[in-house]
Amino acid sequence: MNVEVNNESGVEIDAHGLMRLSRFVMSSLRLHPECELSIKLVDEDTMARYHVEFLDLPGPTDVMSWPMDELRPGGDSTDDADLPLGHLGDIALCPTVAAAQGAKAGHGTWAELELLTVHGILHLLGYDHAEPAEKAEMWDIQGRLLEAWRAPGNRLGQE
């Protein structure tokens, strides 16, 4: 899976870790091995501009997602040819907003960035949280993915 991370935020972030997490999530959700994803880390001014431009909402936010090929999670097929292929889309993350949220939640910046990355990928796959049932489903999948990523036996989550 091709994951590109561009850090334009001015904050030092483990880009390699975000790539590994993204590949883990995309693989877990059964996307084609050649699927593509772009992640851009931005400062608060840039995120505030995106927030107004695309959602007509004021101020910076934590994560925004722009789907490209409207991919959905793959089924149970073991044949890669049957899995969804294309450009999943683009995610923008704001590390300074993530730092504030992570501190407030008591789990720190990196755990918040992990959560936001998974959250953004799920949005790219069509998941939403506008309605209670949608939110319950999205939070359940998000929680299970993060738990699997952070599991002690998971080599990818431990590198």
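All values below were derived from every heavy atom in this structure, side-chain atoms included, with hydrogens, water molecules and symmetry-related copies excluded. The structure presented is a predicted model; accordingly, all values stated were derived computationally and were not measured.
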Going by the rule side-chain hydrogen bond (donor to acceptor under 3.5 Å, both in side chains), which residues pair with [X] if we only count those two or more places apart in sequence or in a different chain?
{"X": "Asp45", "answer": "none"}
{"X": "Glu4", "answer": "Asn6"}
{"X": "Tyr127", "answer": "none"}
{"X": "Thr46", "answer": "Asp43"}

Would you list the atom pairs, donor with acceptor, under 3.5 Å between side chains in residues 57-67 and any protein atom, with sequence neighbours excluded?
from: Asp62; atom 1: OD2; to: Gln101; atom 2: NE2; distance (Å): 3.0
from: Ser65; atom 1: OG; to: Gly120; atom 2: O; distance (Å): 3.1

Apply side chain to side chain contact (heavy atoms under 4.5 Å, CB included) to [X] and list each qualifying residue two or more places apart in sequence or on a separate chain.
{"X": "Ala130", "result": "Asp128, Glu134"}
{"X": "Val52", "result": "none"}
{"X": "Thr96", "result": "Val11, Glu44, Cys94"}
{"X": "Ala111", "result": "His107, Glu114, Arg150"}

For Arg144, all residues meeting salt bridge (charged side-chain N to carboxylate O under 4.0 Å, His left out), sequence neighbours excluded: Asp140

Considering residues at least two apart in sequence or located in another chain, which fulfil the salt bridge (charged side-chain N to carboxylate O under 4.0 Å, His left out) criterion with Asp56?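 For Asp56 there are no salt bridge (charged side-chain N to carboxylate O under 4.0 Å, His left out) partners, ignoring immediate neighbours.
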
Flag the pair Val118 / Leu21 as yes when at least one side-chain heavy-atom distance between them is below 4.5 Å, and no otherwise.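 A side-chain contact under 4.5 Å exists here.
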
Listed by chain and number, what are the ring pair (Phe, Tyr, Trp, His ring centres under 6.0 Å) partners of His119, not counting sequence neighbours?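 In terms of ring pair (Phe, Tyr, Trp, His ring centres under 6.0 Å), with neighbours along the sequence ignored, His119 is linked to His123, His129, Trp139.
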
